[in-house]
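A quick write-up on the structure given underneath.
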Amino acid sequence: MSLTEITTRLHKAEEEAGRPVGSTQLIAVSKVQPNERVEAVLSEGHRLFGENKVQEAAGKWPEFREQFDGVNVHLIGPLQTNKARQAMQLFEAIHSVDRPKLAHTLARLAQELGHCPDLFIQVNTGAEDQKAGVLPSEADAFIAECRGLDLPVQGLMCIPPVEEEASLHFALLAKIAERNGLTGLSMGMSSDFEKAVSFGATHVRVGSAIFGARDYG
Ligand SMILES: *Cc1c(COP(=O)(O)O)cnc(C)c1O
């Protein structure tokens with residue numbers, strides 16, 4: 001696959017869903033990928049990327065930002081409170097706000113720094129023990145708590161359980177967002193981004209389909 005092919009598929013999915021073409025943001029998930037591959041996608045003109053680790057992002061994006069204008073990097077992986085300050089300086093958006101302690105830390109830092117990235121609240125739609133995110137039953141209260149802290153909550157994010165039908169999770173996330181008046185929906189990955197678009201995704205996070213398989217060797 002390539003960036004062009006994925007963009008074409010994304011636009012087709014938008015059309016089929018009766019949504020405006022270009023209404024879904026394509027986050028190219030560059031974690032673990034060699035810099036040459038990332039640079040190739042930057043050279044094709046793409047500017048929106050996703051990383052799941054603060055440290056890894058800190059090691060490559062400041063340099064890419066010097067080389068390319070308009071770069072936009074979103075944190076899509078878990079965030080420890082002791083890395084929150086660094087994350088707020090590295091990323092334009094954080095998709096993994098998932099607990100009160102983190103929300104309070106972000107609010108305090110936002111005051112201090114005078115700015116805050118766009119925030120997405122991660123919902124553990126499958127209620128999986130090993131996965132981050134607030135439980136669906138706790139989502140409304142947590143969204144209200146974040147709003148009470150004046151945090152710029154743009155939407156919700158989920159990672160469906162691998163062995164389940166993703167549609168159910170996308171539909172649930174969309175429903176929670178709607179009843180809370182949130183418009184952002186970060187959902188859909190390489191294997192199911194078209195389906196996510198049909199459920200209203202505003203941000204799809206696509207890694208391997210753009211860059212090729214990640215080599216963790
Ligand atoms: C790695 C990752 C992705 C991208 O996964 P692919 O299957 O390579 O598209 C999306 N979202 C999150 C949270 C990830 O960690």
Side-chain angles (χ1 to χ4, degrees), residues 1-10 13 24-38 40-41 44 46-61 72-80 83 87 90-99 102 117-134 139 154-167 169-170 172-174 177 184-217:
M1 287 290 164
S2 68
L3 178 67
T4 318
E5 283 174 85
I6 295 302
T7 305
T8 305
R9 282 172 54 188
L10 183 60
T24 316
Q25 301 212 42
L26 176 60
I27 302 176
V29 178
S30 47
K31 66 183 185 200
V32 187
Q33 299 289 352
N35 281 353
E36 307 84 69
R37 288 192 196 167
V38 180
V41 170
E44 285 183 76
H46 195 73
R47 289 296 179 265
L48 178 56
F49 294 83
E51 290 285 345
N52 73 333
K53 294 207 170 88
V54 175
Q55 230 41 56
E56 186 184 339
K60 61 178 137 171
W61 286 101
N72 208 307
V73 189
H74 291 193
L75 178 66
I76 59 171
L79 178 57
Q80 295 168 259
K83 298 222 173 87
L90 271 173
F91 299 104
E92 276 79 12
I94 296 172
H95 291 232
S96 49
V97 182
D98 63 353
R99 59 199 190 279
L102 178 59
D118 290 340
L119 301 179
F120 289 76
I121 290 171
Q122 185 173 350
V123 182
N124 186 357
T125 54
E128 295 173 279
D129 285 338
Q130 79 281 13
K131 213 163 261 175
V134 290
Q154 307 295 322
L156 304 179
M157 179 271 226
C158 77
I159 309 170
V162 274
E163 70 287 1
E164 283 180 31
E165 174 53 50
S167 302
H169 297 272
F170 296 155
L172 174 60
L173 197 73
L185 285 172
S186 168
M187 56 190 197
M189 319 203 321
S190 290
S191 57
D192 53 20
F193 70 91
E194 286 141 315
K195 199 179 283 173
V197 166
S198 75
F199 284 91
T202 58
H203 296 70
V204 292
R205 310 178 307 264
V206 181
S208 42
I210 294 174
F211 294 103
R214 283 178 291 276
D215 181 1
Y216 287 95

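When a ligand or atom number is given, it counts from 1 through the structure's own listing order.
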task: Output the set of protein residues with a heavy-atom contact under 4.0 Å to ligand 1, ordered first by chain identifier and then by residue number.
output: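 Residues Val29, Lys31, Ile76, Ile159, Met189, Ser190, Arg205, Val206, Gly207, Ser208, Arg214 each place a heavy atom under 4.0 Å from ligand 1, listed by chain and number.
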query: Hey, does Leu26 have a side-chain heavy atom less than 4.5 Å from the side chain of Val206?
result: yes
message: Strictly below 4.0 Å, N to O, side chains only: are Glu56 and Lys53 in salt-bridge contact?
response: no
Flag, side chain of [X] to backbone of [Y], donor-acceptor distance under 3.5 Å:
| X | Y | result |
| --- | --- | --- |
| Gln25 | Ser186 | no |
| Ser96 | Gly77 | yes |
| His203 | Arg205 | no |

task: Determine, step by step, whether Gln122 and His95 satisfy the side chain to side chain contact (heavy atoms under 4.5 Å, CB included) criterion, reporting the C-alpha distance in whole Å, the side-chain angles of both residues, the deciding distance to 0.1 Å, and the verdict.
output: CA-CA 6 Å; Gln122 185 173 350; His95 291 232; over 6 Å; no
